[in-house]
Structure formats: C-alpha cells, structure tokens
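The next block holds one structure in the form of structure tokens; read it before the comments.
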Amino acid sequence: MKKRLVLLTPGPTPVPPEALELMSQPIFHHRTPQYQAIFGRVSQELKKIFVTKNNVYTLTSSGTGAMEASVVNFLSPGDKVIVAHAGKFGERWVQLAKQYGMTVLEIKAEYGRAVAAETIAETLKKNHDIKAVYTTLCETSTGVCYDIQLIAQATASSDAILIVDAISGLGADRMPQDEWGVDVVVSGSQKALMLPPGLAFLSVSDKAKKKMAEAKCPRYYYDLRLYEKALTSSDTPFTPALTLVLALEATLKILLTNGLEAHLNDTAQLAEATRAGVKALGLSFFAKERPSNGLTSIEVPAGVDGSKLVKIMRDEKGVTMAGGQGSMKGQIFRMAHMGFIGQEDLRIGFSVLTETLNALGYRCDAQKVLDAFNDVAGSKKVKQ
Ligand SMILES: *Cc1c(COP(=O)(O)O)cnc(C)c1O
C-alpha cells in the first residue's frame, strides 16, 4: 500500500490534481501564440489575486529571486531604507539590502510579535531621505501577519515606497494592494498559490516605477523593465517555466471560483478551526498577536522534544509539519492551512499529532481535539 502523505508545511503546499495533470502534458515552444494566449490570461487573472490594476510580472525563480528584484530595481547603493522585521524572513530583507550596499534602519519586534506601524511612521517623519520600507505580510517563521494597511498609511504620506514580502501571505491573508496603497508586492508559487516551487511574482505601483527609472543598482536577469516590456506582447524576457505557468492557470481558477474574498474566508475559517483544535490540545500559540490565516505556529510543550515530534510524524506517520527556524528550532512547530490544504488534511494532521504527543508523554484527547476542530470547520459563520 502506498504510504499516506499529508503535507502541512507552509511551503511547499499540496498541488491540486488538475494542476498536476496539466504539468504532464508534452512540452511545446513558448514563443508561440499558443503560449502567449495562456500567459496573457494568467497575467490578467493574477491581478485579481493581488487586487491591483498594476501589471504582475512572473519570474522564474523561488520567492527570494523576487525579493532580490525588489532591491535592485528600486534603489542605488548607499540608499537609506527601513526594514521592519520580527522573524527569519524579515531578516532576509536586511541581508539582501546590506549585500547591495544600502544603509539599513532596522525596526524590530520580538519573534511572535508584529512590527509596530507607529514606529515606522515616526522614523519616516524624522528621516526624509528614506527610499523604501521593506516588510512582510505573513512572517512564516513565526506565523504572525503584520498590519500592512497601517504601515501603508505611513509610507503613502512620505516619499518612501512600501515593499511587502507576501510570499506566503498572498492568497491567505487579505491585502488588497491598490486599496491599501502597497507599492511593491512580492509572492511565490509554492505557498498559498498551490503550485510547486519555481515561480515568483511581483507587482509594482506607479510611485515605485518612478524609483525604478532612477535606480542605479546593476541588474540583468531581474531587470523589471524587461518584464514590463515583454508583457506588452504577453511574453517574458527569458524562457519561462512553461510547465508551471500551465499549472498556474488551473490553480488561479480554483482560487477565483467564487471570487478571492470567498477563498480568503474559507482559509480564515480553516485557520480558526485549527486554532480551536490547538486550544483543545492544551497547547500555546507562538504568535502572541495577529495570527496569520495561512499557518498556525505552536509551542512545543515542556518535556517534549520538538525535533523528535516533527520527525516521527513525518517519517513514521506520513504527516509533514514544519519545525522552528533559527533560535525557534525545537521550540515550536507550524501547521499550514493555506492554499489547497483542506479540512480532511487537517483532521489527519490533528489525529497524528495527538497520537504522537501521547507517545512522547504529553497527555491529550484525540476526540476532544477533533470535536473542537469540527465545530468551527463545520460552521459557516467565520468572517475574516
Ligand atoms: C517561503 C518564504 C520565503 C522564501 O521563498 P523561497 O521561495 O524559498 O525563496 C520568503 N519569505 C516568506 C515570508 C516565505 O514564506
């Protein structure tokens, strides 16, 4: 019998069968009307996920490639930027900006907390030479979703542009780009967008486009001006990951079946049901405020070896959850409920989790946990 494999990590996430099937088609050439028709449609539909009128560029890279693109396209070496961070992925912005010679003002919060929008606003008022504010929608390492709407109010009244890593957040946590005034949104394929790893997406406001024209950082593969130009003929400057683009058309269809809002509400409901399950387990949340709807981060109970917990579930029971990164290793584990992950996956996840916790000496009642999960998952009341 084939082993049960349930993927509950916050990237990669499970890929729907329709998308898997499209990826097994014979390869055809991309400089063709056949491909351009597909890429043209996909590029339009992506705007509905970003909730923007801006073009959305599709890059062949993991999410970090689009993060790098959003440093080199908008800045010149020596520019002053704010990075607001409270987790491993936010720290990546610091490393990237420093690598390109930027002067970085860090606004930090503790892991498990959200960054303070007020501090960003004050810093912008005191420093008129700040070119950009870099932050994160869903900080996947801690499971916290930052208040991007409030941060965007601060950048809107300054010269700085707001650049948000929404690699895991887009399609799970609500962030209408144009309505909130976010200048650059970065995303990736393997999280809430339900695809395998390999594509990254980027959408750029007019305010950011002006900075793009002045930026002096060297750039070649990630020169977004090339992507903008190619889009006018539904094309990309370099060979696209054609297979993934085919699959993207299928996942966008699923995400937009009843509109983005309906999908976000379903995800919010799964998140709330998961949190109810975790409470019934008697465990504590690692996110102390603003938990993301894409994943739940949970503290490993005292006396249990966190690395062993994740390893046993994965290697012996076929359920993969994510452990902690950096200093959080062994201290927390993370359960995703974004994208194509559904109620049934989470029920299996909870039953394997209770079984394993009991085996490791932490007493908990599987039925109580499932009842708590089902109570919320089955109701139709949750609104994001
Ligand atoms: C997954 C993730 C990344 C990294 O993306 P890669 O695709 O691994 O390059 C960056 N930021 C956040 C918030 C993520 O969740």
Going through the distances and angles, do N358 and R363 end up as a side chain to side chain contact (heavy atoms under 4.5 Å, CB included)? CA-CA 5 Å; N358 275 306; R363 295 283 155 253; 3.3 Å; yes
I would like to know whether T9 and R334 meet side chain to side chain donor-acceptor pair (under 3.5 Å); could you show each step before the answer? CA-CA 7 Å; T9 53; R334 296 168 295 149; over 6 Å; no
Candidate pair V81 and V133, rule side chain to side chain contact (heavy atoms under 4.5 Å, CB included), full reasoning: CA-CA 6 Å; V81 301; V133 175; over 6 Å; no
Run K253 and E18 through salt bridge (Lys or Arg N to Asp or Glu O under 4.0 Å) and show every step you take. CA-CA 10 Å; K253 208 173 270 170; E18 300 91 305; over 6 Å; no
Checking Y134 against V104 for the side chain to side chain contact (heavy atoms under 4.5 Å, CB included) test, could you report, in this order, the C-alpha distance in whole Å, the side-chain angles of both residues, the deciding distance, and whether it holds? CA-CA 10 Å; Y134 289 86; V104 179; over 6 Å; no
Stepwise, does the side chain to side chain contact (heavy atoms under 4.5 Å, CB included) test hold for F333 with L283? CA-CA 11 Å; F333 64 100; L283 299 180; 4.1 Å; yes
Where do K211 and E214 land on the salt bridge (Lys or Arg N to Asp or Glu O under 4.0 Å) test, with the steps shown first? CA-CA 5 Å; K211 295 244 190 301; E214 301 157 7; 5.6 Å; no
List the steps, then state whether side chain to side chain donor-acceptor pair (under 3.5 Å) holds for T267 with H337. CA-CA 7 Å; T267 304; H337 26 74; over 6 Å; no
Please lay out, stage by stage, how E261 and R174 fare under the test salt bridge (Lys or Arg N to Asp or Glu O under 4.0 Å). CA-CA 8 Å; E261 284 295 322; R174 193 166 174 272; 2.9 Å; yes
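The distance from atom CG of L75 to atom CZ of R219, rounded to the nearest 0.5 Å, is 9.5 Å. Between H29 atom NE2 and T239 atom OG1 the span is 7.0 Å, to the nearest 0.5 Å. The CZ atom of F201 sits 14.5 Å away from the OH atom of Y57 when rounded to the nearest 0.5 Å. Put simply, CG on D183 and NZ on K210 are 10.5 Å apart, with the number rounded to the nearest 0.5 Å. Here the straight-line distance linking atom CD of Q343 with atom CG of D266 works out to 9.0 Å at 0.5 Å rounding. Remark: F50 CZ to N55 CG distance equals 11.5 Å, nearest 0.5 Å.
Counting only distance, with no hydrogens or angles, the side chain of D79 and the backbone of S76 share a donor-acceptor pair below 3.5 Å. Checking side-chain atoms of T60 against main-chain N and O of P240 turns up no donor-acceptor pair under 3.5 Å. Side-chain atoms of N374 never come within 3.5 Å of backbone atoms of D371 as a donor-acceptor pair (strictly under, hydrogens ignored). Formation of a donor-acceptor pair under 3.5 Å by the K207 side chain with backbone atoms of A160 is found in this model. Listed for the S187 side chain is no donor-acceptor partner under 3.5 Å among the backbone atoms of L170. For D178 (side chain) and K53 (main-chain N/O), a donor-acceptor pair under 3.5 Å exists by modelled atom type. Put simply, the side chain of N127 never gets that close to the backbone of D129: no donor and acceptor are under 3.5 Å apart. No donor-acceptor distance shorter than 3.5 angstrom exists from the side chain of Y362 to the backbone of A302, with no hydrogens or angles considered. Counting only distance, with no hydrogens or angles, the side chain of D173 and the backbone of G169 share no donor-acceptor pair below 3.5 Å.
With a 6.0 Å radius and a threshold of 12 heavy atoms from other residues, nucleotides or ligands, D365 has its CG atom above the threshold. Summarising the local packing, NZ of K288 is surrounded by more than 12 heavy atoms from other residues, nucleotides or ligands at distances under 6.0 Å.
Chaining together hydrophobic side chains whose heavy atoms lie under 4.5 Å apart places M328 alongside Y111, F286, I332.
Contact of the E68 side chain with the V71 side chain is not registered, since no non-hydrogen atoms from C-beta on lie closer than 4.5 Å. Q331 is not listed as a side-chain neighbour of E299, based on a closest heavy-atom distance of 4.5 Å or more. The shortest distance between side-chain heavy atoms of L360 and L357 does not fall below 4.5 Å. In this structure, T13 and Q190 have side chains that are not in contact, with every pair of non-hydrogen atoms separated by 4.5 Å or more. When side chains are defined from C-beta on, Q99 does not count as touching L96, because their heavy atoms never get closer than 4.5 Å.
Identified under the salt bridge (Lys or Arg N to Asp or Glu O under 4.0 Å) test for residues 21-40, with sequence neighbours left out: R31-D235.
A salt bridge links E91 with K88: at least one charged nitrogen is closer than 4.0 Å to a carboxylate oxygen. The existence of a salt bridge linking R113 and E139 is excluded, since no basic side-chain nitrogen approaches an acidic carboxylate oxygen closer than 4.0 Å. With salt bridges taken as basic N to acidic carboxylate O contacts below 4.0 Å, one links E45 and K48.
L270 and L255 are members of different hydrophobic clusters when ILVMFWY side chains are connected at heavy-atom separations under 4.5 Å. Tracing side-chain contacts under 4.5 Å through hydrophobic residues (I, L, V, M, F, W, Y), one reaches V185 starting from L195; they form part of the same cluster. By the criterion of side-chain heavy atoms lying less than 4.5 angstrom apart, applied directly or through intervening Ile, Leu, Val, Met, Phe, Trp or Tyr residues, L295 is not grouped with V164; the two fall into different hydrophobic clusters. Each of V6 and M194 belongs to its own hydrophobic cluster when Ile, Leu, Val, Met, Phe, Trp and Tyr are linked at side-chain heavy-atom distances under 4.5 angstrom. In the hydrophobic clustering of this structure, F373 groups with V278; members are Ile, Leu, Val, Met, Phe, Trp, Tyr whose side-chain heavy atoms approach within less than 4.5 Å, directly or through other members.
For the pairing with Q177, the side chain to side chain contact (heavy atoms under 4.5 Å, CB included) check across V56, V184, I148, N54 returns one residue only, N54. Just one of L162, V83, D165 meets the side chain to side chain contact (heavy atoms under 4.5 Å, CB included) condition when paired with T135; it is L162.
Figure legend: cation-pi geometry between K191 and F89, with NZ or CZ positioned under 6.0 Å from the six-membered ring centre and within 45° of its axis.
Aromatic ring orientation, Y35 versus F28: tilted (interplanar angle from 30° to 60°).
With 3.5 Å as the limit, one finds no donor-acceptor pair spanning the side chains of T296 and R275.
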